[in-house]
Structures are given as C-alpha cells and as structure tokens.
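Notes follow the structure.
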Amino acid sequence: MKPFLVRLGRMLKTAEHWVSAQLMLAILALLRRLPPEKALDFAENAARKVGPKLGRHRVAMGNLRQAYPDRKPEELETVASDMWANMARLAVEYVFLDKLFDYDPDAAEPGRVEVKGREIFERVRDEDGPHIFFTGHLGNFEFLPIAASTFGLGITSLFRAPNNPYVADYVHKTRSSSMGKLLASRSGVALQLARILEDGGNIGALVDQKFMRGVPTRFFGRPCQTSPLVPKLARQYECDVYPARCIRLPGGRFRLEVEDKLTLPRDDTGAVDVDRMAQQLNDVVERWVREDPGQWMWFHKRWDIR
C-alpha cells in the first residue's frame, strides 16, 4: 500500500506542477501580445496589489524590520511594494529579452540599457586565464551575461533551477537562447565549473542565496550560511573575481555596472581565505542592497539556518 501512496503522491505533485506551469505560460503568452511597456506596467501594478496578500510578504516584512529597525512601518511597506514590482517585471522581462536589451557599444547615445565599466569587460576579454563574475538578485541580473557576450566575452552562468520542472525547462530555454552557456546548480556542478576555469574560461554566479551547511557569515548583521563554492574556486585557480550588478532605472531603463576586481583576503600561507571571502561577497551584495533595497528579494529566507 505504501509504494502505491508514494507513486500517487508523485503523480499528484507532477500534475500540480504541470497545471501551475501551464497557467504561468498562458499568462506570459498573453502579455507577449502587448507592447513590452504595457505588459511590464500591468505586471507591476498587479504585483503591488497581490504581493502584500501572499504569505511571503510576511517573510519580507520580517526581514525588513530586522534589517532596518529604525524605519517606520509605512517605509518598509514601500520597500516591499517596490520589491514585488521588481520581481514581477523580472518575470515578464523573460519573454521580452530580445526586445529589451538594446545595448550598443558603438552608439552615440545610451538606449534602454547602459553599461558602466565596459573597459573591464574589454580587458578581461583580452586577458588569458580564468575569471569569476558574481552578482545578486538585483534589477534584471539576467542582462549581465548578455552584456558580456556583446563584448565577445563568453561566460558560463550558474543558476538555480525553479522547483517546478516545467517552469525550469521554460526558463532554461529562454535563458540559453540569449545568454549562452548555463549550468544548473545541482550535484556535480562544482566539477563542471572547475573544468571551465581550468581551461581558462569565465564563470558567473549569484551569491546571495541561502546555502544549507554553508560557511557561517553575516548579512545585514544577522547570521546566515553562504555557499563556499566561489571562494573555493578562486582559491584553487587563483583567478580574479569581479562584482557586477544590474540597477533598474526610472523609465524602464537599466544600468549594468562592473566593478574592478576584488582584493581577496588570504590566510597565513598566502592562499585565498574561503571563510573571509564568503563574508566579503556578502558585504558587497549588502552594499548594493542598501543603495536600493526595493530591488532585492526580501521574501527569500536568506537567514534560515539548519
């Protein structure tokens, strides 16, 4: 009886995933019929109304209260509302990536997307050896590998696939068509990334997600666990590590910023200190979030420790 119940549970879960994925894809297909600006405005307005009614809103508000204990409740609600708007726009922007990304290095005037630090992209492109770029869930972070490819700089991006396999398949196909090589974060991915770096390639990673059994660190003054993957790869391959972020600007515009390479902390032997570098990555992302808190995903259970 038990094996049957297990199979039945799996079948019901698969059916639930399929139905929810079809609903999401149908909504995105309808939105794609609209001009990008109208579709994005519609998604933002809907998210600002629906987001506060979701359970994750309570998580976001709890995180915001601890991050900004001196702010008034209405100020934190504004940040949370901006967060929901940002996440809704990000979701819909997937279907318009080919129309929204208009960066042209040779253009006299900036378009929808501008790049700050293009000389770093160009320098890295012309250098031998491996490099690591890292970012956080800010603005439309998906534009960063697209911008790199504009300069002829190939980057293999590490991403966490959605739990829904049908949504994951859609996201992977959408990303792959415009961003180049992608690797899903799963067992064995560290070895794949190591091979890329060993061959002198470049990788990109998001570093602001919780990681069970990760390195003990702090984020906004609170204990959390951080993946040691990027620090361990930097330690093993002695490669330069560059911060990069996307900032959402008024009027549906974006600024991509690439900062100069980090000065990595080292231990007594001269090797990269994994624990201290994990904290260094958190400090960079925290600085970004503090500059524009409405563009980060406060509903993420970043501070869960098990």
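These figures come from a predicted structure and were not determined experimentally. Atom set for the values below is all heavy atoms of this structure, side chains included, hydrogens, waters and symmetry mates excluded.
Considering CD1 of I120 and CD of E257, their distance stands at 10.0 Å, rounded to 0.5 Å. The CE atom of M83 sits 12.5 Å away from atom OG1 of T78, with the distance rounded to the nearest 0.5 Å. Taking CG of L97 as the reference point, atom NZ of K99 lies at 11.5 Å (rounded to 0.5 Å). Atom CD1 of I196 is separated from atom CG of L191 by 10.0 Å, given to the nearest 0.5 angstrom. Taken from CG in D102 to CD in E114, the straight-line distance is 10.5 Å, to the nearest 0.5 Å. Distance CD1/I203 to CG/L193: 4.5 Å, rounded to 0.5 Å.
For D199 (side chain) and G201 (main-chain N/O), no donor-acceptor pair under 3.5 Å exists by modelled atom type. For R125 (side chain) and G152 (main-chain N/O), no donor-acceptor pair under 3.5 Å exists by modelled atom type. Judged by distance alone, the side chain of R235 and the main-chain N or O of V274 form no donor-acceptor pair under 3.5 Å. Side-chain atoms of N140 never come within 3.5 Å of backbone atoms of L90 as a donor-acceptor pair (strictly under, hydrogens ignored).
In summary, R89 and D41 engage in a salt bridge, as defined by a charged side-chain N under 4.0 Å from a carboxylate O. Note on R302 versus E286: no salt bridge recorded, every NZ/NE/NH1/NH2 to OD/OE distance being 4.0 Å or above. The pair D260-R123 meets the salt-bridge criterion, with a side-chain N (NZ, NE, NH1 or NH2) lying under 4.0 Å from an Asp/Glu carboxylate O. Between R248 and E93, at least one side-chain nitrogen of the basic residue sits less than 4.0 Å from a carboxylate oxygen of the acidic one, meeting the salt-bridge criterion. A salt bridge between R48 and D82 is present, with a side-chain N of the basic residue lying under 4.0 Å from a carboxylate O of the acidic one. For the pair R245 and E291, the salt-bridge criterion is met [side-chain N within less than 4.0 Å of a carboxylate O]. Checked for salt-bridge contact, K210 and D304 meet the test: a charged N lies under 4.0 Å from a carboxylate O.
For F219 and W296, the ring centers sit closer than 6.0 Å to each other. Between F143 and F254, a ring centre-to-centre spacing shorter than 6.0 Å is recorded.
Nearest heavy atom pair, residue P130 against residue C239, reads O-CB, 3.3 Å. Pairing each heavy atom of N202 with each of G129, the nearest pair is OD1-O, 4.2 Å. C224 and W303 make their closest contact through CB-CD1, 4.0 Å (heavy atoms, listed as atom of the first residue, atom of the second, distance). Across all non-hydrogen atoms, the minimal contact from V284 to P243 is CG1-CB, 4.1 Å. Between E198 and Y237, the shortest heavy-atom distance links the atoms OE1-OH, 3.6 Å. Nearest heavy-atom pair, A190 versus L233, reported as atom, atom and distance to 0.1 Å: O-CD2, 4.4 Å.
V50 and M87 fall within the same hydrophobic cluster, defined by Ile, Leu, Val, Met, Phe, Trp and Tyr side-chain heavy atoms under 4.5 Å apart, directly or through other members. In the hydrophobic clustering of this structure, L34 groups with V92; members are Ile, Leu, Val, Met, Phe, Trp, Tyr whose side-chain heavy atoms approach within less than 4.5 Å, directly or through other members. Following chains of ILVMFWY side-chain contacts shorter than 4.5 Å, one cannot reach Y103 starting from L249, and the two form parts of different hydrophobic clusters. Using a 4.5 Å cut-off between side-chain heavy atoms of Ile, Leu, Val, Met, Phe, Trp and Tyr, with links allowed through other members, W84 and V59 fall into different hydrophobic clusters. Linking Ile, Leu, Val, Met, Phe, Trp and Tyr whenever their side-chain heavy atoms come within less than 4.5 Å puts L40 and F42 in one cluster.
Under the 4.5 Å side-chain criterion, counting only non-hydrogen atoms from C-beta, L153 is in contact with F133. Residues V207 and T135 fail the side-chain proximity criterion, which asks for heavy atoms closer than 4.5 Å. V79 has its side chain within reach of R71: a pair of non-hydrogen atoms, C-beta onward, lies under 4.5 Å apart. Looking only at side-chain heavy atoms (C-beta outward), L144 and L256 come within less than 4.5 Å of each other. With a 4.5 Å cut-off on side-chain heavy atoms, V272 and D267 do not count as touching. Contact check for P216 versus T226: no side-chain heavy atoms found under the 4.5 Å cut-off. Contact annotation: the side chain of L281 approaches that of V230 to within less than 4.5 Å [non-hydrogen atoms, C-beta and beyond]. Side-chain contact check for T217 versus D275: every heavy-atom pair is 4.5 Å or farther apart.
Of the residues listed (R253, K116, R255), the one engaging I247 in a side chain to side chain contact (heavy atoms under 4.5 Å, CB included) is R255, and it is the only one. The side chain to side chain contact (heavy atoms under 4.5 Å, CB included) test with N63 is passed by exactly one of F299, W298, F220: W298.
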message: Between R266 and D273, is the side-chain contact (heavy atoms from CB on, under 4.5 Å) condition met? List the steps.
response: CA-CA 5 Å; R266 297 182 179 274; D273 187 312; 5.7 Å; no
field: Criterion side chain to side chain donor-acceptor pair (under 3.5 Å) on Q295 and D292, from CA distance to verdict
entry: CA-CA 6 Å; Q295 296 195 29; D292 201 332; 2.9 Å; yes
query: What do the steps show when you test H137 against D208 for side chain to side chain donor-acceptor pair (under 3.5 Å), and what is the final call?
result: CA-CA 7 Å; H137 291 79; D208 57 344; 2.7 Å; yes
- request: Please report the C-alpha distance between V241 and K261 in whole Å, then the side-chain angles of each, then the deciding distance to 0.1 Å, and finally whether the side-chain contact (heavy atoms from CB on, under 4.5 Å) criterion is met.
  value: CA-CA 5 Å; V241 179; K261 62 184 179 183; over 6 Å; no
task: Begin with the C-alpha distance, continue with both residues' side-chain angles, and end with the deciding distance and a verdict on side-chain contact (heavy atoms from CB on, under 4.5 Å) for E119 and V258.
output: CA-CA 9 Å; E119 68 281 358; V258 185; over 6 Å; no
task: Might you work through the side-chain contact (heavy atoms from CB on, under 4.5 Å) test for R56 and K301, ending with a clear yes or no?
output: CA-CA 9 Å; R56 285 282 177 161; K301 297 180 180 180; 3.8 Å; yes
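At a cut-off of 3.5 Å, with distance as the only test, a side-chain donor of E142 or Y94 sits close to an acceptor on the other residue. For the residue pair E259 and W288, a side-chain donor N or O sits within less than 3.5 Å of a side-chain acceptor on the partner.
Seen from the ring of F121, R118 does not count as a face-on cation partner, given the 6.0 Å and 45° thresholds.
Take F96 and apply the ring-ring contact (aromatic ring centres under 6.0 Å, His included) test, not counting sequence neighbours, and it matches no residue.
Environment of CZ in R290: crowded, with over 12 heavy atoms of neighbouring residues, nucleotides or ligands closer than 6.0 Å.
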